[in-house]
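Reminder, nothing fancy here: chain letters follow the sequence lines and each chain counts from 1. Treat the numbers as computed from the prediction; the structure is a model and nothing was measured.
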Protein chains: 2
Amino acid sequence: MRADRTDAIFSALADPTRRQVIRALSEQGPSTATGLAANLPVTRQAVTKHLITLADAGLVTSTRRGREKLYQISPRPLTDAVSWMADLGARWDDRLAALRDHVLTPKRRR
Amino acid sequence: MRADRTDAIFSALADPTRRQVIRALSEQGPSTATGLAANLPVTRQAVTKHLITLADAGLVTSTRRGREKLYQISPRPLTDAVSWMADLGARWDDRLAALRDHVLTPKRRR
DNA sequence: TTAGATTGCAACCCTAGGGTTGCACTATAC
DNA sequence: GTATAGTGCAACCCTAGGGTTGCAATCTAA
């Protein structure tokens, strides 16, 4: 059972600022906490906390480079959340059923 | 922009008890708050609060029947959340890209 | 070596919200 | 009618967690 995993992912995604962080990382590519905070209405420390939360959920990974720490997205855990929702909605919505089938098919590459 | 909508959906999905409620509704069909609470480790009032939150997010709907109030799932808003995640992950994961394409295609029926 | 930049850590504030109890209200059943 | 099962509402408790400030530690560049 990976209920805790699903927990972490949905909790991580629940916060608007955190979704902004993810979006920013998605658009700008790997960035530091300081760099992200420059474009957000919160302090660097707040961003750092969010990045830690996201890392705990497996949604971002970090690599050191000299004195700075680069964060980048790791979207694979999203598949868990998607499949949770798709599995749920499959009984009512045909499109979601199709999504679930896609999620459950084995990876094609990577 | 329907950022508030996405907010409500992710927040609603963030709580484990709330996901249990959704699961229960999904498996047992329409139920009352009292009925749901019988199978959950929280009181009826807690379940009622969760149902209100879910209703605000559009994830459940309710209908009166005599003295009882029946709740049932309305999974369509899930599509919003799925497309948010799929759009995000599409740049890294081929499967998620395929999902996004499915989400964005117009409905076939209903 | 020294100044500036960047991260890390700790303490703290404050609100949101998940949970409870208690009671009033309403509808069904007898 | 009266008892019972269900809902609705309000007050309250308490923790989680999002945000801040402040400072130490570390690395780079001049």
Item to check | For DNA chain C, the residues among residues 43-51 of chain B that have a non-hydrogen atom under 4.0 Å from it | outcome: B/Thr43, B/Gln45, B/Ala46, B/Lys49, B/His50
4.5 Å side-chain heavy-atom contact, [X] and [Y]:
X	Y	result
A/Leu70	A/Arg64	no
B/Lys69	B/Thr63	no
A/Thr53	A/Leu59	no

Can you tell me the distance, in whole Å, between the [atom1] atom of [X] and the [atom2] atom of [N]?
X	N	atom1	atom2	answer
A/Leu36	D/dG19	CG	P	14 Å
A/Asp15	D/dG17	CG	C1'	9 Å
A/Glu68	C/dG4	CD	C1'	14 Å
A/Lys69	D/dT26	NZ	P	15 Å
A/Ile52	C/dA10	CD1	C1'	13 Å
B/Asp7	D/dG18	CG	C1'	14 Å
A/Arg64	D/dT28	CZ	P	10 Å

Item to check | Expected output: side-chain B/Ser26 to main-chain B/Ile22 donor-acceptor under 3.5 Å | outcome: no
Partner set under side chain to side chain contact (heavy atoms under 4.5 Å, CB included) for [X], not counting sequence neighbours:
X	value
A/Ser31	A/Leu25, A/Gln28, A/Leu36
A/Ala46	A/Val42, A/Thr43
A/Ile52	A/Thr48, A/Asp56
B/Ala37	B/Arg44, B/Val47

Checklist entry - Just to confirm, is there a sub-4.0 Å distance from OP1 or OP2 of C/dT6 to any side-chain nitrogen or oxygen of A/Thr32? => result no
Polar atom pairs (N or O), protein with nucleotides 14-16 of chain C, under 3.5 Å:
none

Item to check | A/Arg18 vs A/Leu13, side chain to side chain contact (heavy atoms under 4.5 Å, CB included): CA-CA, chis, key distance, verdict | outcome: CA-CA 7 Å; A/Arg18 220 135 51 206; A/Leu13 259 32; over 6 Å; no
Next on the checklist: Checking B/Glu68 now: which residues fulfil side-chain hydrogen bond (donor to acceptor under 3.5 Å, both in side chains) with it, not counting sequence neighbours?
Outcome noted: B/Arg65
Next on the checklist: Across nucleotides 25-30 of chain C, 5' to 3', mark each nucleotide with B, S or - according to how protein heavy atoms within less than 4.0 Å reach it.
Outcome noted: --BB--
Checklist entry - Which residue pairs pass the ring pair (Phe, Tyr, Trp, His ring centres under 6.0 Å) test with at least one member in residues 9-62 of chain A, sequence neighbours excluded? => result A/Phe10-A/Trp84
